Amino acid sequence: MKNIMEQMNEEVVSAFTACGYDGKYARVTVSNRPDLCEFQCNGALAAAKEYKKAPMIIAQEAAQKLNDSRVFAAAEAVKPGFLNLKVQESYLADYLCQMMEAEDYGNEKTEHPKTIMIDYGGPNIAKPLHVGHLRSAIIGESIKRMGRYAGHEMIGDVHMGDWGLQMGLIITELEERKPTLVYFNENFTGEYPKEAPFTISELEEIYPTASGKSKEDDEYKERAMQATYELQHGRRGYTALLNHILNVSVTDLKKNYENLNVSFELWKGESDAQPYIPAMVQKMKEDGFAYISEGALVVDVKEETDTKEVPPCMILKSDGASLYNTTDLATIVERMEQWRPEEIIYVVDKRQELYFTQVFRCARKTGLVNADTKLTFLGFGTMNGKNGKPFKTREGGVMRLSALLEDINEEMYQKISENQTMNEEEARETARVVALSAVKYGDLSNQASKDYIFDIERFTSFEGNTGPYLLYTIVRIKSILKKYEQTGKSASGKKILPPDSESEKELMLEVSRFHGMIASAFDELAPHKVCAYLYDLANAFNHFYHETKILAQEDDQRQAGYILLLQLCKGIMETCIDVLGFSAPERM
């Protein structure tokens, strides 16, 4: 079904064209003066220049045509030429009834579904997830869900860091500790063991130890670089070790991402791009794009319109080794060959913008993507502590993501336990669900590109613009619906009636905004718009709830209308939080 703004636009376009004016001027927007009207149209001001008429006259003519509108109860021209609009209450009730009856509340899927790949997560193998991985995972997951809800095929790729010196460091340290392992015997030709020679805990300790040694011992670092080179050139034992490292790490990563309600369709890493590098490099050379500069192979990507220096994109180092640029470009080759996406979205730290400008330009210039393939950089800001600096542990170190979630779960458990209405098992599970809403909403309610303060105390509050406040609102609606059901009454076969109070109309208007909001939020890759809508909807419901005797209403038809409105409100709120990547408990 057409969203309510489209229907209102059509009505005003009809009025403008009936008066002889171009319909392009008849755009309806939400009023910036809700004390005067609900919607407005400012087109008469712009039309006045073309038609050489006073804007007030144009607005008055359009208002006259809207006198008998089925959509608007009032259309008033006010100086200097604004058109103030109020919605017809019967029309609003009918619109919500249509939403109730339609699949997905009448949300129309895109007419042109695309295959869209989204690159988010980006963990490094053999390292635990820390708070620095939080934003990419949360923002990326919500955008993937928004795209899927819009009707696109969304393919999420974790794109792990599983290549480069870090692998050589792990292999070198492992050889020092367990030199008799068959992986280090170049003459071994048999089958390698299926079980890894280390646990995830050992692996997470091996890498920082090796990294520390390499900074103090040049000979050790040289060995690690040699191990990296041999791994990248297919040494059999090292490749087997890499597979063990991947299997052990990915198992642990999946568990941690599941705790965040984040998932990926692809568990690819930089190593998966390696087979595509030789042919890609050769083609760049043959086509005349790649050339040697100071020993390295590079491609120029600067453009005449650049106001800042954009250095060449380096493809290979002077020793022939690949870089992040190389694997990112080869990954694009793999994606185009395997999935042919119309768009690839990268959810990464905004400080990497110049790097991705180089990669995107190089991919286009060298023909790695089709001319109409969209490459999108979605850069996010920093998650800071209350001191305004990047979030750290009390000791000043980088906090593990698991530790952060445990802290918030415990904070939430303590608050829920104060009510003493649940046994411990239910309280723990409810705390986990609510804590996740606190973390995700706390992040997503901010515009992605902006830094934000991670404040556990504020995020876990049941009051204000927080995840727990939203969940508490949903739980409150569930409770009312359950009590209504227990009376033996049913709203089946009934319909939402025109509002009989301002608070009910305001709630109905907020519900009606769902379609337009969800479409524009994905178009702009802006989960914060979903959050803002949810908060407004929750406030509108709570205002209605406090002013209205829902369960004490004596008129059964009116009461059934309230119940249907609440069902619609609940369903839309649950759809929105699902798009954001969290859910609501049955009670709190």
Side-chain angles (χ1 to χ4, degrees), residues 121-134 136 158-185 196-233 235 237-253 255-256 269-271 317-319 321-324 326-327 348-349 351-352 355 382-385 389-404 406-407:
N124 285 313
I125 288 301
K127 295 182 188 178
L129 289 176
H130 56 75
V131 293
H133 295 109
L134 188 68
S136 180
V158 69
H159 197 66
M160 298 173 290
D162 63 352
W163 208 240
L165 182 59
Q166 71 188 66
M167 295 297 110
L169 286 167
I170 293 169
I171 290 169
T172 302
E173 181 61 23
L174 198 59
E175 186 173 15
E176 283 220 340
R177 298 183 183 195
K178 302 178 181 182
T180 59
L181 290 176
V182 293
Y183 308 95
F184 305 116
N185 180 356
F198 42 72
T199 64
I200 185 62
S201 299
E202 289 172 324
L203 194 56
E204 288 178 353
E205 183 271 326
I206 285 171
Y207 175 72
T209 300
S211 180
K213 284 184 179 180
S214 71
K215 291 170 184 172
E216 298 174 358
D217 185 338
D218 290 342
E219 187 270 336
Y220 184 94
K221 184 175 182 179
E222 189 63 38
R223 282 161 51 205
M225 291 173 70
Q226 180 61 29
T228 304
Y229 178 86
E230 291 182 27
L231 169 65
Q232 293 184 353
H233 286 77
R235 179 165 165 176
Y238 290 2
T239 302
L241 272 178
L242 175 63
N243 289 332
H244 283 316
I245 294 168
L246 284 170
N247 289 336
V248 170
S249 292
V250 167
T251 300
D252 186 65
L253 285 170
K255 182 178 68 177
N256 279 283
E270 291 176 86
S271 61
K317 293 196 288 187
S318 56
D319 62 359
S322 58
L323 306 98
Y324 285 126
T326 327
T327 53
V348 287
D349 191 308
R351 290 170 291 189
Q352 295 190 46
Y355 167 79
T382 308
M383 170 181 153
N384 295 322
K389 296 178 180 179
F391 195 87
K392 302 279 187 183
T393 62
R394 290 174 184 170
E395 294 74 33
V398 177
M399 180 178 274
R400 286 193 177 200
L401 196 50
S402 57
L404 178 70
E406 284 171 13
D407 285 353

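Quantities reported herein were computed from a predicted structural model and do not represent experimental measurements.
Judged as a salt bridge (charged side-chain N to carboxylate O under 4.0 Å, His left out), and not counting sequence neighbours, the contacts of Glu230 are Arg235. Residues satisfying the side-chain hydrogen bond (donor to acceptor under 3.5 Å, both in side chains) test with Arg351, not counting sequence neighbours, are Asp349.
For CZ of Phe184, the number of neighbouring non-hydrogen atoms (other residues, nucleotides, ligands) closer than 6.0 Å is greater than 12. Sparse packing is recorded around OH of Tyr324, with 12 or fewer heavy atoms of other residues, nucleotides or ligands lying under 6.0 Å away. Within 6.0 Å of CG in Asp218 there are 12 or fewer heavy atoms belonging to other residues, nucleotides or ligands.
The backbone N or O of Ser271 lies less than 3.5 Å from a partner atom in the side chain of Asp162, making a donor-acceptor pair. Within the 3.5 Å criterion, the main-chain N or O of Gly161 finds a donor-acceptor partner in the side chain of Gln166. Checking side-chain atoms of Ser211 against main-chain N and O of Pro208 turns up no donor-acceptor pair under 3.5 Å.
Salt bridge annotation for Asp252-Lys255: present, with a cationic side-chain nitrogen under 4.0 angstrom from a carboxylate oxygen.
Contact detail for Val348 and Gln352: the closest heavy-atom pair is CB-NE2, 4.4 Å. Minimum interatomic distance between Asn384 and Thr382 (heavy atoms only, all atoms of both residues): OD1-CG2, 3.2 Å. Nearest heavy atom pair, residue Trp163 against residue Leu231, reads CH2-O, 4.2 Å. In plain terms, the two heavy atoms of Ile170 and Ile245 that are nearest each other are CG2-CD1, 3.8 Å. Between Gly164 and Gln232 the shortest heavy-atom distance is N-NE2, 3.6 Å. When all heavy atoms are compared, the tightest approach of Gly121 to Ser136 is N-OG, 2.8 Å.
One distance of note links CG of Leu169 with OG1 of Thr228; it measures 6.5 Å at 0.5 Å rounding. Distance check, rounded to the nearest 0.5 Å: CD of Glu222 to OG of Ser214 gives 11.5 Å. For the atom pair CD of Gln226 and OG1 of Thr172, the computed distance is 9.5 Å after rounding to the nearest 0.5 Å. Remark: Glu270 CD to Met167 CE distance equals 9.0 Å, nearest 0.5 Å. Between atom CD1 of residue Ile171 and atom CG of residue Leu165 there is a gap of 10.5 Å, rounded to the nearest 0.5 Å. The OG atom of Ser402 lies 8.0 Å from the CG atom of Leu129; values are rounded to the nearest 0.5 Å.
When side chains are defined from C-beta on, Glu204 counts as touching Arg400, because their heavy atoms get closer than 4.5 Å. Using a 4.5 Å heavy-atom threshold, the side chains of Asp319 and Met225 count as separate. Contact annotation: the side chain of Asp407 approaches that of Met399 to within less than 4.5 Å [non-hydrogen atoms, C-beta and beyond].
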Show which side-chain atoms of residues 174-181 pair as donor or acceptor with protein atoms under 3.5 Å away, not counting sequence neighbours.
from   : atom 1 : to     : atom 2 : distance (Å)
Glu176 : OE1    : Lys213 : NZ     : 3.2
Glu176 : OE2    : Arg223 : NH1    : 3.2
Glu176 : OE2    : Arg223 : NH2    : 3.2
Arg177 : NE     : Glu173 : OE2    : 2.8
Arg177 : NH1    : Glu205 : OE1    : 2.7
Arg177 : NH2    : Glu173 : OE2    : 3.4
Arg177 : NH2    : Glu205 : OE1    : 3.1
Arg177 : NH2    : Glu205 : OE2    : 3.1
Lys178 : NZ     : Pro197 : O      : 2.7

Next item on the list: Might you work through the side chain to side chain contact (heavy atoms under 4.5 Å, CB included) test for Phe391 and Leu134, ending with a clear yes or no?
Entry: CA-CA 11 Å; Phe391 195 87; Leu134 188 68; over 6 Å; no
Next item on the list: Start with the C-alpha distance between Val250 and Val158, add both sets of side-chain angles, then the distance that settles side chain to side chain contact (heavy atoms under 4.5 Å, CB included), and finish with yes or no.
Entry: CA-CA 10 Å; Val250 167; Val158 69; over 6 Å; no
